[in-house]
Amino acid sequence: MTQMLDFARACAREAGRIQLSYFRGAHLNIETKFNLHDVVTVADKESERYIVDAIAKSYPDHAVLGEESGMHAGHSDYRWVIDPLDGTTNYSQGLPVFSVSIALQYRGETLLGVVYAPYLDELYEACRGRGARLNGRPIRVSDKSDTQRSVVATGFPIDKDRNPDNNLDNLSRILPRVRGVRRMGSAAYDLCAVAAGFLDGYWELNLHEWDVCAGTLIVTEAGGEVRAFRTDRNISIVAGNPSMVAQLSACLSDKPWNGTL
């Protein structure tokens, strides 16, 4: 695991270097995928290509699941799950919250996770059973139990323009109960901010495995909990310390919303 964690760190930092080389530049080659809200840049593609190639050279038998290139089959029980640039909308706008997310699974269990925010130079990491760290220092989730003193984060699904089940119902219930709600724009970074205690809680629906695989391990290794609150909207999770997760979960709907408050 130590060797693989070193490898994941090195990949994340190099992918971050690629992203910073294009950041706030004029040659992002922005394209859309699912709809106009779902964007991809040359930095996403180049970062993923670098990570996939690095894995193929160092661990040729391992499978890879990447956001941009999909599934690369392997011949072992190991699988890397990568989001080369989580927070592409932020990145394309010149906003500094974006991250590289790399996780390694063995037979479906996540063994290690690395999330690197290049502009902030924050590297979050965890190995199963060994705790979580930020730039080498141990981190722990917030111990707040009063939602009125808590700052939490959320996000909204890319199909928010055509699907009324878009998280506004949950936001309307939680917003009056907390000190503040933030929309950071990167699920991987949101989870790491929870792990470090910078955020007291987080929820979002319609995520994908590459968004949360590394961050979920980092939260749990930092003493937190990550719980599914929906099973019909891809990955829909709430994260924080156990008390915060319980209180936020009580406000979250476990059914699709029809758009009527």
Side-chain angles (χ1 to χ4, degrees), residues 2-31 39-59 62 64-69 72 80-104 110 112-127 132-137 139 153 155 184-196 198-199 207-219 221-222:
T2 298
Q3 182 184 19
M4 291 179 176
L5 181 59
D6 288 343
F7 171 79
R9 282 195 208 104
C11 285
R13 288 193 180 278
E14 178 58 22
R17 186 199 64 77
I18 292 169
Q19 292 163 19
L20 291 178
S21 73
Y22 288 102
F23 187 52
R24 293 177 177 168
H27 304 289
L28 293 180
N29 297 344
I30 298 172
E31 301 173 6
V39 297
V40 63
T41 72
V42 64
D44 296 74
K45 297 176 181 179
E46 192 171 321
S47 298
E48 180 159 318
R49 187 162 51 247
Y50 164 76
I51 297 169
V52 171
D53 288 349
I55 293 170
K57 290 175 183 175
S58 297
Y59 303 102
H62 291 193
V64 180
L65 173 63
E67 179 183 13
E68 305 306 332
S69 58
H72 303 256
W80 297 86
V81 181
I82 61 175
D83 190 337
L85 203 173
D86 188 46
T88 302
T89 299
N90 282 352
Y91 182 83
S92 67
Q93 292 287 126
L95 297 170
V97 179
F98 53 91
S99 60
V100 185
S101 178
I102 303 175
L104 176 64
T110 305
L112 66 83
V114 170
V115 174
Y116 181 51
Y119 193 88
L120 304 173
D121 194 25
E122 294 179 355
L123 192 145
Y124 299 84
E125 63 182 68
C127 276
R133 289 174 172 77
L134 164 57
N135 291 344
R137 301 186 304 275
I139 54 176
M184 306 292 283
S186 166
Y189 188 82
D190 284 327
L191 286 165
C192 290
V194 169
F198 305 147
L199 289 170
L207 296 165
H208 297 87
E209 193 169 12
W210 50 76
D211 297 312
V212 302
C213 193
T216 294
L217 179 65
I218 293 169
V219 170
E221 286 295 318

Write down the atom of [X], the atom of [Y], and the distance for their closest heavy-atom approach.
| X | Y | value |
| --- | --- | --- |
| Phe98 | Phe23 | CE2-CE1, 3.6 Å |
| Leu120 | Pro96 | CG-O, 4.3 Å |
| Leu207 | Ala187 | CD2-CB, 3.9 Å |
| Ala103 | Thr110 | CB-CG2, 4.2 Å |
| Pro84 | Ser47 | CB-CB, 3.8 Å |
| Leu5 | Cys127 | CD2-SG, 3.8 Å |

Could you walk me through whether Lys45 and Leu85 satisfy the side-chain contact (heavy atoms from CB on, under 4.5 Å) test, starting with their C-alpha distance in whole Å, then the side-chain angles of each, then the deciding distance to 0.1 Å, before giving a yes or no? CA-CA 9 Å; Lys45 297 176 181 179; Leu85 203 173; over 6 Å; no
Is the Trp80 ring parallel, tilted or perpendicular to the Tyr59 ring (thresholds 30°, 60°)?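 Rings of Trp80 and Tyr59: tilted, as their planes differ by 30° to 60°.
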With distance as the sole test, does [X] use its side chain to make a donor-acceptor pair with the main-chain N or O of [Y] at under 3.5 Å?
| X | Y | answer |
| --- | --- | --- |
| Asp190 | Leu199 | no |
| Asn90 | Met184 | yes |
| Ser186 | Asp86 | yes |

In the structure I gave you, are the side-chain heavy atoms of [X] and [Y] within less than 4.5 Å of one another anywhere?
| X | Y | result |
| --- | --- | --- |
| Gln19 | Ser99 | no |
| Leu191 | Tyr124 | no |
| Tyr22 | Thr41 | no |
| His27 | Val42 | no |
| Trp210 | Ser101 | no |
| Val100 | Ile51 | yes |

Rounded at 0.5 Å granularity, tell me how far [atom1] in [X] sits from [atom2] in [Y].
| X | Y | atom1 | atom2 | value |
| --- | --- | --- | --- | --- |
| Tyr50 | Cys11 | OH | SG | 4.5 Å |
| Cys192 | Leu123 | SG | CG | 9.0 Å |
| Leu28 | Ser92 | CG | OG | 7.5 Å |

Applying side-chain contact (heavy atoms from CB on, under 4.5 Å) between Leu65 and each of His72, His208, Glu209, report the one that passes.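 Testing Leu65 for a side-chain contact (heavy atoms from CB on, under 4.5 Å) against His72, His208, Glu209 leaves exactly one candidate, Glu209.
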Dump the intermediate steps for side-chain contact (heavy atoms from CB on, under 4.5 Å) on Leu112 and Glu125, then the final yes or no. CA-CA 7 Å; Leu112 66 83; Glu125 63 182 68; over 6 Å; no
Is the cationic atom of Arg9 (NZ for Lys, CZ for Arg) positioned less than 6.0 Å from the six-membered ring centroid of Tyr116 and within 45 degrees of its normal?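 Pair Arg9/Tyr116 does not count as cation-pi.
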Is a side-chain donor-acceptor pair under 3.5 Å present for Asp44 with Thr88?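 Yes, Asp44 and Thr88 have a side-chain donor paired with an acceptor closer than 3.5 Å.
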In sequence, state the C-alpha distance, the side-chain angles, and the governing distance for Tyr119 and Leu20, and then conclude on side-chain contact (heavy atoms from CB on, under 4.5 Å). CA-CA 7 Å; Tyr119 193 88; Leu20 291 178; 4.2 Å; yes
In sequence, state the C-alpha distance, the side-chain angles, and the governing distance for Ile55 and Phe7, and then conclude on side-chain contact (heavy atoms from CB on, under 4.5 Å). CA-CA 9 Å; Ile55 293 170; Phe7 171 79; 3.8 Å; yes
